[in-house]
Colleague: 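Okay, here's the structure, questions in a sec.
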Amino acid sequence: MNKATFSNSASEIQQHLTYYHEQITRYENEYGRKLGSVQLLAVSKGQSIEKINAAILAGQIAFGENYLQEALVKIETLAARHPQLEWHFIGQIQRNKTRKIAEHFAWVHSIANPLIAERLSTQRPAHLPPLNICLEVNISGESSKSGIKPADIEALALHCQQLPHLCLRGLMAIPAAHLELPLQRQVFHEVWALYDSLIKKGVKIDTLSMGMTADFAAAIAEGATIIRVGTGIFGHRE
Ligand SMILES: *Cc1c(COP(=O)(O)O)cnc(C)c1O
């Protein structure tokens, strides 16, 4: 990659980050959300280290990755120079990957079964703070999608709360794609209602991870506290 191309795409990424911060503020205002209540997670799966570096230079700290091997290369390359970075695992979790996830990530958004949660808790190194977790809810009821049924969320939440090296933070969802804002909002509202019902039952949670490039506005309208944006920041994946 020549220098001109690189600096060009680096400044584009920085402009995109500024744009998303402006949009977050705009929708926080528009939908009566508290200012500063929505965080931007930069989803860097399939994106180069150069692009991640450009985002870091623009002040981005939290990055989301789906594939463990790819993520570990990035984390190892960047960690020494940028100890402030916060890595979030957002992909499906295979049993044999839990140890590395427990060792290298600050958050896991995609907990969908009790065994995976138990392994992450057992394997979380003692010198690190508890691993922050969200339970992934399959809100649209699609058999092709990961996540657990809304009806099973409460039991899993109560189970995860007991695990000593995990900190249950909330729910995550990837609804079926809708193009229209009202339909997007309807599904996100169901996720929020589930989240709210757990809080009303005394479960201590504060995080609703929902909304991506195509539907983040609807997610903010319905209470998202973390939006996960990939292509909108970095462009198409490799
Ligand atoms: C890839 C991915 C994203 C980002 O999607 P974009 O459409 O690129 O913003 C967010 N969340 C999860 C779980 C993903 O796998």
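Whatever order the structure lists them in is the order used to number ligands and atoms, beginning at 1.
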Colleague: For ligand 1, which atoms have a heavy atom of I174 less than 4.0 angstrom away?
Modeller: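 Atoms satisfying the 4.0 Å criterion: 13 (C).
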Colleague: Would W87 and F105 count as a close aromatic pair, with their ring centres under 6.0 Å?
Modeller: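 No, they do not, as the ring centres are separated by 6.0 Å or more.
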Colleague: Would you say L171 and L198 make side-chain contact, with heavy atoms under 4.5 Å?
Modeller: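 Yes - at least one pair of side-chain heavy atoms lies under 4.5 Å apart.
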Colleague: Would you indicate whether the side-chain heavy atoms of K45 and Y67 approach each other to under 4.5 Å?
Modeller: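 SC-SC contact between Y67 and K45 confirmed.
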Colleague: Just go through H109, K45, E65, M212 and tell me whose heavy atom is the nearest to atom 2 (C) of ligand 1.
Modeller: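 Heavy atom nearest to atom 2 (C) of ligand 1 belongs to K45.
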Colleague: Are W107 and L85 joined in one hydrophobic group, where the rule is that I, L, V, M, F, W and Y side chains link up if heavy atoms are under 4.5 Å apart?
Modeller: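 No, because W107 and L85 fall into different hydrophobic clusters, even though each may have its own neighbours under 4.5 Å.
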Colleague: Can you list the ligand 1 atoms lying under 4.0 Å from a non-hydrogen atom of R228?
Modeller: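 Listed by number with element, the hits are 4 (C), 9 (O), 10 (C), 11 (N), 12 (C), 13 (C).
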Colleague: Heavy-atom contacts with G230 under 4.0 Å: which atoms of ligand 1 show up? List them by number with element.
Modeller: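 Listed by number with element, the hits are 4 (C), 6 (P), 8 (O), 9 (O).
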Colleague: Based purely on interatomic distance, does V229 place a nitrogen or oxygen under 3.5 Å from a nitrogen or oxygen of ligand 1?
Modeller: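 Looking only at distances, the answer is no, because the N/O contact criterion of under 3.5 Å is not met.
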Colleague: Once you round to the nearest 0.5 Å, how far does CD of E30 lie from CD of Q23?
Modeller: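 Here the interatomic distance stands at 9.5 Å.
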Colleague: Salt bridge or not between R26 and E22? Use side-chain N to carboxylate O under 4.0 Å.
Modeller: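 No, no charged N to carboxylate O under 4.0 Å.
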Colleague: Pull out every atom of ligand 1 sitting under 4.0 Å from any heavy atom of I90, numbered as shown with elements.
Modeller: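 Near I90, meaning under 4.0 Å from one of its heavy atoms, ligand 1 has 11 (N), 12 (C), 13 (C), 14 (C).
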Colleague: Select one of side chain, backbone, both or neither to describe which atoms of N66 lie under 4.0 Å from any atom of ligand 1, heavy atoms only.
Modeller: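 Just the side chain.
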Colleague: Just to confirm my output: which protein heavy-atom neighbour is closest to atom 9 (O) of ligand 1, and how far is it?
Modeller: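 Looking only at protein heavy atoms, the one closest to atom 9 (O) of ligand 1 is T213 OG1, 2.4 Å.
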